[in-house]
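Have a look at the structure below, then the notes.
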Amino acid sequence: MSWSVQAVILGCEMVLGYVLGRVFIPYFRRIKTGKFDFYIGDRFAKDGSEPKFGGVVIMLCVIFGIVTGVIFYDSQAVLSFENGEFSRRVFIALGGVLMLTAIGLSEDYVKEKKLGIGMKPFYKICMEYLICLGVCVGLRYCGGVQTAVLMPFHLGYVQFGGLFYPLFPLFMTVGINMVKIHDCAGGKTDTGTDGLCAVTALIFSAGLSSGLAAGAGSDAAQLFAVCTMGAAGGFLFWGCSPAKLYLGESGALAIGGLMTMAVLLSGEYFVFLLAGAAVVVDGACGLLQYIVFKARKKLLMKGYTLHEHLQKKGHGDHAVIGIFAVMSVAGAAAAIAFLIYSGKFFI
């Protein structure tokens, strides 16, 4: 996909993100407070009325970007869905992300309206797994998916064959929930760093898109990465600290779904551990904290996650974002190198 098309999508999505936030925030705030006021208030101060539902803004931007990209790539595929492998792959993956976002939206609504604690985590994880499994199976019948994983350090491919279909959706589900933890553990906004998850997704997508372009990778994955980058950038107008709109579970599931679907479409699965280094480290710290607490009834860190620990150590939101941005840039650079390296291998 040409750089000019990517630039158009990026620019339009960022503008759209700003406009959608300005329009929808008063309506989202009404769900939380019961009051409607089109005046958002001071952009650089919180007043306690900041709503969730960031997934709505992100997904509307992504839908715009995907449709625009498909029109540029193959205008006939928009009018005739059965034609064009590219369009089928993109829309199947997009459908999976929309279903994940819908789960998050229902949870955000229940919690903002204070109607209960929402769905049990086990049921949500099962639903996420089934959605990811459905996308993998769907892609199998429209061009196939890469069932071999290229390992680094010239170790070659590891072929999973039929085992790929139950195993990779599990990997995707773990990745999606790592993104949720990276945003805010337990869905509590006071444990999160405003804008951190969107910044990480933006850098992740930039690295994946650049690596795929340099390594002649999948156009479908590249479109997904570019759309994720633009949507995250547009959301940051309102979601960066101090936030006027929180990602919420809808936004975390949307970003997690977009990141994992882009990796699935790329066929370069190891790249998630590289470009998503910040997400993986934060999620691993949360898991380690949980294990230590269960075993010793003691906290290993001051917070559940690494970013919460840094906050409680006295680092401000922007300092925490800077630390994780450096980590993400290093991971993105490694991902670009890996994707260039992968372009030299053939199964």
Side-chain angles (χ1 to χ4, degrees), residues 52-56 58-59 92-112 115-140 145 149 160 163-189 191-192 196-197 200-201 204 228 246-265 269 272-273 276 278-295 303-308:
K52 296 180 181 179
F53 304 105
V56 174
I58 287 173
M59 285 313 302
I92 287 173
L94 178 61
V97 181
L98 286 171
M99 286 188 281
L100 289 169
T101 306
I103 295 172
L105 279 174
S106 67
E107 291 294 290
D108 285 346
Y109 182 81
V110 168
K111 291 173 182 177
E112 290 289 73
L115 299 175
I117 59 174
M119 195 184 306
K120 290 184 178 180
F122 175 76
Y123 296 146
K124 283 192 285 188
I125 290 172
C126 288
M127 290 176 68
E128 292 162 14
Y129 176 82
L130 290 174
I131 290 169
C132 294
L133 177 62
V135 170
C136 289
V137 172
L139 291 175
R140 180 178 184 270
V145 293
V149 179
F160 283 87
L163 287 175
F164 174 87
Y165 294 99
L167 290 180
F168 192 74
L170 180 61
F171 173 81
M172 293 174 70
T173 305
V174 171
I176 289 167
N177 282 277
M178 279 187 168
V179 172
K180 285 171 60 178
I181 293 172
H182 184 57
D183 176 42
C184 53
K188 299 177 181 178
T189 54
T191 66
L196 173 62
C197 195
T200 300
F204 172 95
T228 304
Y246 294 126
L247 273 179
E249 193 152 349
S250 59
L253 284 173
I255 287 179
L258 288 165
M259 291 168 66
T260 52
M261 293 297 175
V263 171
L264 174 64
L265 290 171
Y269 310 122
F272 183 85
L273 301 178
V279 172
V280 173
V281 168
D282 217 16
C285 287
L287 177 61
L288 182 61
Q289 177 83 308
Y290 177 80
I291 292 172
V292 170
F293 182 77
K294 283 292 185 181
Y304 181 73
T305 57
L306 178 58
H307 73 259
E308 188 184 354

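M172 approaches C132 most closely through the heavy-atom pair CB-SG, 3.8 Å. The heavy-atom pair separating T101 from A254 by the smallest distance is OG1-CB, 3.4 Å. When all heavy atoms are compared, the tightest approach of F160 to V149 is CE1-CG2, 3.5 Å. Taking all atoms of both residues into account, the shortest heavy-atom contact from S250 to G55 is OG-N, 3.2 Å.
The NE2 atom of H307 sits 10.0 Å away from the CD1 atom of I181 when rounded to the nearest 0.5 Å. With rounding to the nearest 0.5 angstrom, the CD1 atom of I92 is 10.5 Å from the CE atom of M261. Put simply, CG on L247 and SG on C184 are 8.0 Å apart, with the number rounded to the nearest 0.5 Å. The CD atom of E128 sits 6.0 Å away from the CD1 atom of I103 when rounded to the nearest 0.5 Å. F168 contributes atom CZ, which lies 14.5 Å from atom CG of L163 (distance to the nearest 0.5 angstrom). Rounding to the nearest 0.5 Å gives a distance of 12.0 Å between SG of C126 and CG of L133.
Remark: the backbone N or O of G303 is paired with a side-chain donor or acceptor of Q289 at under 3.5 angstrom. No donor-acceptor distance shorter than 3.5 angstrom exists from the side chain of Y246 to the backbone of G251, with no hydrogens or angles considered. The closest donor-acceptor contact from the side chain of D183 to the backbone of A252 lies at 3.5 Å or more, if one exists at all.
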side-chain contact (heavy atoms from CB on, under 4.5 Å) between L264 and T260, intermediate numbers included: CA-CA 6 Å; L264 174 64; T260 52; over 6 Å; no
Residue pair L258, I58: steps toward the side-chain contact (heavy atoms from CB on, under 4.5 Å) verdict: CA-CA 10 Å; L258 288 165; I58 287 173; 4.1 Å; yes
From CA spacing to verdict: side-chain contact (heavy atoms from CB on, under 4.5 Å), D282, M178: CA-CA 8 Å; D282 217 16; M178 279 187 168; over 6 Å; no
Intermediate values then yes/no, side-chain contact (heavy atoms from CB on, under 4.5 Å), T200 and V179: CA-CA 10 Å; T200 300; V179 172; over 6 Å; no
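Side-chain contact check for T305 versus H182: every heavy-atom pair is 4.5 Å or farther apart. With a 4.5 Å cut-off on side-chain heavy atoms, M259 and I255 count as touching. Side-chain atoms of F204 and T228, non-hydrogen and from C-beta on, never get closer than 4.5 Å to each other. Counting heavy atoms from C-beta on, the side chains of L94 and M59 come closer than 4.5 Å.
A centroid separation of less than 6.0 Å is found between the aromatic rings of Y269 and F164. For an aromatic pair to be called close, the ring centres must be under 6.0 Å apart, and F171 with F272 satisfies this.
Using a 4.0 Å cut-off between charged side-chain N and carboxylate O, E107 and K180 make no salt bridge.
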